Amino acid sequence: MDLRKQRLSQIEELREKGYEPYKYRFSKDYNSQQIKDLFDDRIKAGQLLEEMVFNYAGRIMTIRMHGKSAFVDLKDDFGRIQAYVRLDQVGEDRYEFFKKYIDIGDWMGIKGYPFKTKTGELTLLVQELELLSKAIRPLPEKWHGLKDKEIRYRQRYVDMIANDNVIITFRTRFLVTQYIREFLNERGFLEVETPVLQMIMGGANAKPFITHLNVYDIDMYLRIATELHLKRLVVGGMEKIYEIGKIFRNEGVSNKHNPEFTTLELYQAYADYNDIMNLTEELLYHVTTKIHGTSKIKYQGQELDFKPPFRKVKMCEFIKENLGIDILESSDEELKNFLKEQGQFVEIEDRYHYIDKIWDLVEDKIIEPTFVIDYPTEISPLAKRKRDDPRLTERFELIINGTELANAFSELNDPQDQFERFKKQMQLKELGDEEAQTMDLDFIRALEYGLPPTGGLGIGIDRLCMLLTDTPTIRDIIPFPIVKPMSFEDEEALLRDEEG
RNA sequence: GGGCCAUUAGCUCAGUCGGUAGAGCGGCUGACUCUUAAUCAGUAGGUCGUGGGUUCGAGUCCCGCAUGGCCCA
């Protein structure tokens with residue numbers, strides 16, 4: 001790694017001359033987007049705006065040397081701005097300093113006038129320049145960027161530097177949660193936090209991560225959902241609440257799954273699932289139009305429209321139409337035989353898994369945003385029974401592009417019914433279902449104090465962001481996705497590298 | 001878990017029939033005051049992922065392992 005040694009000796013030289021290559025601060029006046037917004041329309045090609053001088057800073061992406069002048073592209077989190085460094089503008093000493101000690105990858109701060117080149121590109125004519133931070137590792141190739149997916153995920157910071165779209169995608173991702181908060185706060189919801197470390201895992205059917213609490217010498221779980229604690233807060237009297245946070249499921253890694261991911265869960269007292277459907281439509285419409293300026297988006301070539309109202313289909317009817325089987329009227333035996341005919345098998349022999357598997361066969365037929373409503377009670381252990389049919393629950397999932405984006409129900413607030421549902425889940429656990437829910441007696445006790453009629457909603461934030469940024473894999477929307485650890489030998493090789 | 005593919009310079013990639021390694025970018029030296037994949041001249045840079053095997057000889061063929069990707073369950 002020659003380049004690293006060269007840069008290290010540059011740092012040494014600079015310090016000998018009394019110049020600190022890692023600065024403490026810089027007063028940046030505008031970001032690259034603001035500069036474009038301010039001046040793009042005001043300046044003509046070849047024109048200089050002498051009454052304006054201001055500070056800008058960013059990372060040097062390219063340097064085009066022309067002897068006594070140079071063009072430099074400075075990248076910040078909104079884009080790139082070109083700067084023009086000229087000997088006759090910065091003086092001989094500074095120009096020599098620039099040539100000798102400033103390289104691609106470094107952070108540089110400048111003071112300059114906005115102008116437009118002959119070719120019409122908005123540029124800053126540099127008057128003063130400072131090296132803000134020295135980079136001592138080489139950047140990936142400027143034209144092709146960084147393609148190696150292993151490096152892209154393991155060293156995301158390099159990916160972000162090399163591929164301009166990455167930072168844009170992450171900006172959008174974090175804007176999505178900002179707009180969700182904006183929308184909910186405006187409607188009187190309060191953002192709350194519930195424990196990540198839990199004694200009893202609940203609120204979903206999933207395998208947990210287990211950790212250990214030394215002080216009580218007990219195992220604890222990382223939460224697989226925020227549901228049961230949020231409902232306890234509603235029991236306690238908080239009527240409109242939400243939580244945006246990480247949950248953890250010890251399951252596979254795929255294009256749609258990362259072991260830790262982000263969800264929004266919200267609860268609204270006195271609401272039923274119809275109210276929550278309306279809220280969901282409005283929320284998604286709000287976020288989509290905020291991000292894209294329109295409710296219509298394109299995802300992997302597929303046109304999707306988030307304009308309410310979304311299509312509604314009844315879960316059992318949809319299955320009947322597509323597969324010809326009435327899951328409500330079929331016995332366990334008939335469901336099992338049907339799956340067998342389809343070439344499908346389930347590990348756990350139970351109605352819950354039969355229905356779950358049958359639903360899997362048709363889920364990907366739904367493309368445009370669609371509320372699938374009224375799920376069977378067996379597969380909805382936390383949802384309230386439908387008011388005119390106890391075999392069903394008042395539950396919906398929002399399916400988009402064949403994938404579950406949201407899950408919601410009129411919350412089950414009858415403690416006796418909830419107790420029976422938990423008992424059924426415990427039976428599944430005894431059959432070997434590791435993902436079955438656990439009896440949570442404290443939650444039952446909470447319900448016995450009275451949960452008001454309540455509507456609840458959960459949204460997978462990562463999947464929503466995938467849709468809104470046209471990203472095909474979840475790893476590209478999570479800044480630091482799970483990767484396998486490096487081998488001891490590889491780590492060692494890297495360490496030797498550091499010493500060189 | 002199964003199948004297929006990939007791993008060569010810091011990065012993006014070539015490498016023919018098995019005969020001791022190539023380009024572009026980046027780096028370094030030099031020229032150049034409106035370029036934008038700047039241009040021009042020169043130059044340095046490699047344990048070919050890893051461990052075995054076949055062979056007189058392996059980046060290339062065979063087997064194992066690691067990591068990644070794609071598809072399937």
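Sequence lines set the chain letters: A, B, ... in the order given, protein chains first and strands last, and positions in each chain run from 1. Just the heavy atoms: all of them, side chains too, but no hydrogens, waters or symmetry mates, feed the values below. Nothing here was measured: the structure is a model prediction, and the numbers come from that model.
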Chemist: Between B:U60 and B:C17, how far apart are the C1' atoms? Round to whole Å, please.
Modeler: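 Each nucleotide's C1' atom is 11 Å from the other's.
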Chemist: OP1, OP2 of B:U67 versus side-chain N and O of A:K484: anything below 4.0 Å?
Modeler: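 For B:U67, OP1/OP2 do have a side-chain N/O of A:K484 under 4.0 Å.
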Chemist: Taking pairing as Watson-Crick or G-U wobble with both contacts under 3.5 Å, can you name the mate of B:C4, or confirm there isn't one?
Modeler: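 Result: B:G69.
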Chemist: Specify the glycosidic conformation (syn or anti) of B:C17, with syn defined as within 90° of 0.
Modeler: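 Here B:C17 takes the syn form, which means its glycosidic angle is within 90° of 0.
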Chemist: Can you measure A:Q344 atom CD to B:C72 atom P for me and round it to whole angstrom units?
Modeler: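 These atoms are roughly 13 Å apart.
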Chemist: Under a 3.5 Å cutoff, is there a donor and acceptor pairing between the side chains of A:S254 and A:H257?
Modeler: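 Indeed, the side chains of A:S254 and A:H257 share at least one donor-acceptor pair under 3.5 Å.
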Chemist: Between the base of B:U7 and the side chain of A:E150, is there a donor-acceptor distance below 3.5 Å?
Modeler: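 Side chain to base: no pair below 3.5 Å.
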Chemist: Between B:C32 and B:G68, how far is it from one C1' atom to the other, in whole Å?
Modeler: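 That atom pair is separated by 44 Å.
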Chemist: If only side-chain N and O atoms of A:R475 are considered, is one of them under 4.0 Å from the OP1 or OP2 phosphate oxygen of B:C70?
Modeler: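 Checking A:R475 against B:C70: at least one side-chain N or O falls below 4.0 Å of OP1 or OP2.
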Chemist: Mind calculating the distance between NZ (A:K68) and P (B:G30) to the nearest angstrom?
Modeler: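 The answer, rounded to whole Å, is 14 Å.
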Chemist: Over all strands shown, is A:G46 touching base, sugar-phosphate only, or nothing at heavy-atom distances under 4.0 angstrom?
Modeler: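 No contact.
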Chemist: Restricting to pairs with a member in residues 357-367 of chain A, which pass side chain to side chain donor-acceptor pair (under 3.5 Å), not counting sequence neighbours?
Modeler: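 Counting only pairs at least two positions apart or across chains, no side chain to side chain donor-acceptor pair (under 3.5 Å) contact touches residues 357-367 of chain A.
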Chemist: Using ring-ring contact (aromatic ring centres under 6.0 Å, His included) as the criterion, list what pairs up with A:F310, not counting sequence neighbours.
Modeler: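 Once residues adjacent in sequence are excluded, the partners of A:F310 under the ring-ring contact (aromatic ring centres under 6.0 Å, His included) criterion are A:F371.
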Chemist: Base of B:U35, side chain of A:T117 - is there a donor-acceptor contact under 3.5 Å?
Modeler: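 Answer is yes: a donor-acceptor pair is held.
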Chemist: Nearest heavy atom decides the nucleotide; on that basis, is A:P140 or A:E121 closer to the 5' end of RNA chain B?
Modeler: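 Per heavy-atom nearest nucleotide, the more 5' residue is A:P140.
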Chemist: Is there a Watson-Crick or G-U wobble partner for B:A58 with both distances under 3.5 Å, and which nucleotide is it?
Modeler: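 The base-pairing partner of B:A58, which may sit in any strand shown, does not exist here.
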Chemist: Measuring only the P atom in each nucleotide, how far is B:U39 from B:C4? A whole number of Å is fine.
Modeler: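 Roughly 44 Å separates the two P atoms.
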Chemist: Contact class for A:F115 (heavy atom, under 4.0 Å): base, sugar-phosphate, or nothing?
Modeler: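 Base contact.
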Chemist: Rounded to whole angstrom units, what separation is found between the CG atom of A:D476 and the P atom of B:G68?
Modeler: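 So the two atoms are 15 Å apart, to the nearest Å.
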Chemist: Considering only atom P, compute the distance from B:C61 to B:G15 and round it to an integer number of Å.
Modeler: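 Going atom to atom, P in each nucleotide, I get 12 Å.
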Chemist: Is A:D88 touching bases, backbone alone, or none of the nucleic acid, heavy atoms closer than 4.0 Å?
Modeler: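 Result for A:D88 = base.
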Chemist: With no hydrogens and no angle check, do the side chains of A:Q344 and A:Y354 hold a donor and an acceptor under 3.5 Å apart?
Modeler: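 Judged by distance alone, the side chains do not pair up.
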Chemist: Have a look at A:K118 and say if it touches a base, only the backbone sugar-phosphate, or nothing, with a 4.0 Å heavy-atom cut-off.
Modeler: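 Since a base atom lies under 4.0 Å of A:K118, the category is base.
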Chemist: Give the nucleotide from the list B:G10, B:G27, B:U36 with an atom nearest to the side chain of A:P138.
Modeler: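 Among B:G10, B:G27, B:U36, the one nearest the side chain of A:P138 is B:G10.
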Chemist: Of A:M65 and A:I104, whose nearest nucleotide on RNA chain B comes first from the 5' end?
Modeler: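 It is A:I104, whose closest nucleotide lies nearer the 5' terminus.
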Chemist: Measuring only the C1' atom in each nucleotide, how far is B:G49 from B:G19? A whole number of Å is fine.
Modeler: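 After rounding to an integer number of Å, I get 24 Å for this pair.
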Chemist: Whole angstrom is fine here: how far is it from NZ in A:K100 over to C1' in B:G27?
Modeler: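 A:K100 atom NZ is separated from B:G27 atom C1' by 17 Å.
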Chemist: For A:D159 and B:G68, what is the distance between atoms CG and C1' respectively, to the nearest whole Å?
Modeler: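 To the nearest whole Å, that distance equals 15 Å.
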Chemist: Rounding to a whole Å, what distance do you find between A:I151:CD1 and B:G10:P?
Modeler: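 Result: 10 Å.
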Chemist: Using the C1' atom as the reference point in each nucleotide, state the distance between B:U29 and B:C13 in Å, no decimals.
Modeler: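 Each nucleotide's C1' atom is 27 Å from the other's.
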Chemist: In the strands shown, is B:A37 matched to any nucleotide by a Watson-Crick or G-U wobble pair with both distances under 3.5 Å, and which?
Modeler: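 Pairing partner, where one exists within any strand: none, as none qualifies.
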Chemist: Rounded to whole angstroms, how far apart are CG on A:L139 and C1' on B:G27?
Modeler: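 Those two atoms, CG and C1', are 13 Å apart.
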Chemist: Quick check on side chain to side chain contact (heavy atoms under 4.5 Å, CB included): which of A:L328, A:D350, A:L335, A:D332 does A:I355 satisfy it with?
Modeler: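 When A:L328, A:D350, A:L335, A:D332 are each tested with A:I355, the side chain to side chain contact (heavy atoms under 4.5 Å, CB included) holds only for A:L335.
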Chemist: Can you tell me the distance, in whole Å, between the CG atom of A:D73 and the C1' atom of B:C34?
Modeler: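 Going from CG in A:D73 over to C1' in B:C34 covers 14 Å.
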Chemist: Does the ring centre of A:Y19 sit less than 6.0 Å away from the ring centre of A:Y101?
Modeler: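 Centroid distance A:Y101-A:Y19: not below 6.0 Å, so no.
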Chemist: Look at all strands and tell whether A:L146 reaches a base, only sugar-phosphate, or nothing, counting heavy atoms closer than 4.0 Å.
Modeler: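 Touches sugar-phosphate only.
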Chemist: Rounding to an integer number of angstrom, what distance separates B:U55 and B:U20 when you compare their C1' atoms?
Modeler: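 It comes out at 15 Å once rounded to the nearest Å.
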Chemist: Who is the Watson-Crick or G-U wobble partner of B:U43, with both distances under 3.5 Å?
Modeler: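 Checking every strand shown, B:U43 finds its partner in B:G27, with both distances under 3.5 Å.
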Chemist: What integer number of Å spans the C1' atoms of B:U8 and B:A58?
Modeler: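 These two C1' atoms come out 14 Å apart once rounded.
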Chemist: Judged by modelled atom types alone, do A:Y352 and A:D433 share a side-chain donor-acceptor pair under 3.5 Å?
Modeler: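 No donor-acceptor contact under 3.5 Å links the two side chains.
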